[in-house]
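Taking it in order: structure first as structure tokens, then the write-up.
Note that the coordinates shown come from a computational prediction; the quantities given were computed from them, not determined experimentally. Counting starts at 1 for both ligands and their atoms, following the listed order.
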Amino acid sequence: MDIENFKNILGPLRVFENEPLSKHTYFKIGGPARIFFEAKNVDDLRLALKTAHDLKIPFVILGGGANVLVSDSGFDGLVVKNRADGIKLIGIKGIIDKLGKGIKSAQVWCASGTLMNQLARFTIDQGLEGLEFLLSVPGTVGGGLKINAHYEVEKGEFLGNRLTSAVLFDPKNGEEKTVDSKYFEFGYDKSKIQKTEEIVLEALFKLDAIKDKATLWQKAMDDVKRRNEEQPIGIACSGCVFRNIEDADAQRLFTPNLTTSTGYIIEKLGLKGQRIGGAQISEKHANYILNVDSAEADDVLKLIDLVKKKAKTDLDLDLKEEIFYIGDF
Ligand SMILES: Cc1cc2nc3c(=O)[nH]c(=O)nc-3n(C[C@H](O)[C@H](O)[C@H](O)COP(=O)(O)OP(=O)(O)OC[C@H]3O[C@@H](n4cnc5c(N)ncnc54)[C@H](O)[C@@H]3O)c2cc1C
């Protein structure tokens, strides 16, 4: 691995060796990255990715670290932490008077390392509707597009639903391209970049204008309050570990109100509160695994295996992880 060359190009003082990834994940779990670089803007990010590609250094991107489980042995390559943030209102549509009234929609550009919470605040403040459900959701826009971050699914509250286009870096050929939202083939917890492993550099969203931003703030705050009631707070975790089940499985299993909630399924399997090492399935929301006492990735993995095996044996269900793995497992 040509670490010296990478350091020379990116700046020796900005490249860290053996950086513990537990410092950069919401789970507070993960061994060291062989080398670690924080990209502070999109050009930084471009340079780091292109250089790693050209020098054939294996690399992975980390956004907020809110949806990953990093192996206890860490990652034997480069981890790029995406801190490239920035938001701009770049286009408005409608007939606008001097007070700015009459705007129908607007385009918002952002760098992929922008926190989704920041994007929500910015758009609400501009009186733009469509991304307020992201208020207080951890993670970056890039990580959000990979999983198609969402809240109330039945209301169509998906990050991908508001995307117009994005600039992607292709790790296979080291080139960039601009794609429209159809390219992503978004679905529930799905986007094409999960397969292609392309990296989002920039994103453009289209939002509707509404007259009263106080109503938007109220809706966003109501969502935050509801999430805080439903989810465990203040304990290290990576949000929901498993994707929700398919409608067909909910029908087959006669779940109450045909819920597709995997939290309900894990509770039904009798695994709420189950603990292995320092990791525990939350008593409050069974789709959360908590790092209650210096958990290792291995503890979390054992709990994941337990849930998957029991779901298969007892309910003939194939549960799939929502979280992404980094490193060797
Ligand atoms: C307490 C808590 C509550 C949560 N609540 C919600 C919720 O309500 N709704 C919801 O949808 N999610 C929720 N999540 C999950 C999490 O917020 C989202 O999955 C978020 O999108 C993760 O973004 P990230 O930047 O942290 O991604 P990371 O965890 O850093 O990375 C996740 C994956 O995306 C990849 N990635 C990161 N950046 C990029 C990029 N620029 N381009 C391409 N790939 C990239 C990584 O390599 C990795 O494979 C919650 C998580 C926590 C901890």
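- The side-chain tip of Arg227 points at the ring of Tyr151 from less than 6.0 angstrom away and within 45° of straight on.
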Please tabulate, one pair per line, all N/O donor-acceptor pairs under 3.5 Å involving side-chain atoms of residues 320-329, not counting sequence neighbours.
unit_1	atom_1	unit_2	atom_2	d
Glu321	OE1	Lys308	NZ	3.1
Glu321	OE2	Lys308	NZ	3.1
Glu321	OE2	Tyr325	OH	2.8

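- Residues lining ligand 1 at a heavy-atom distance below 4.0 Å are given as Tyr26, Ile61, Leu62, Gly63, Gly64, Gly65, Ala66, Asn67, Val68, Asn82, Ser112, Met116, Val137, Pro138, Gly139, Thr140, Gly142, Gly143, Gly144, Lys146, Ile147, Ala149, His150, Glu198, Ile199, Val200, Arg227, Gln231, Cys237, Ser238, Gly239, Tyr288, Phe324, ordered by chain and residue number.
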Using atom types as modelled, flag every donor-acceptor pair under 3.5 Å from a side chain in residues 78-89 to any protein atom, sequence neighbours excluded.
unit_1	atom_1	unit_2	atom_2	d
Lys81	NZ	His24	ND1	3.4
Asn82	OD1	Ala84	N	3.1
Asn82	ND2	Ser112	OG	2.9
Arg83	NH1	Glu38	OE1	3.1
Arg83	NH1	Glu38	OE2	3.4

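- When the side-chain contact (heavy atoms from CB on, under 4.5 Å) test is applied to Ser191, the partners found at least two apart in sequence or on another chain are Phe184, Phe186, Ile193, Gln194.
- With respect to the salt-bridge test (charged N to carboxylate O, under 4.0 angstrom), the residues Lys310 and Asp314 qualify.
- Thr215 and Asp212 form a side-chain donor-acceptor contact under 3.5 Å, judged by distance and modelled atom types alone.
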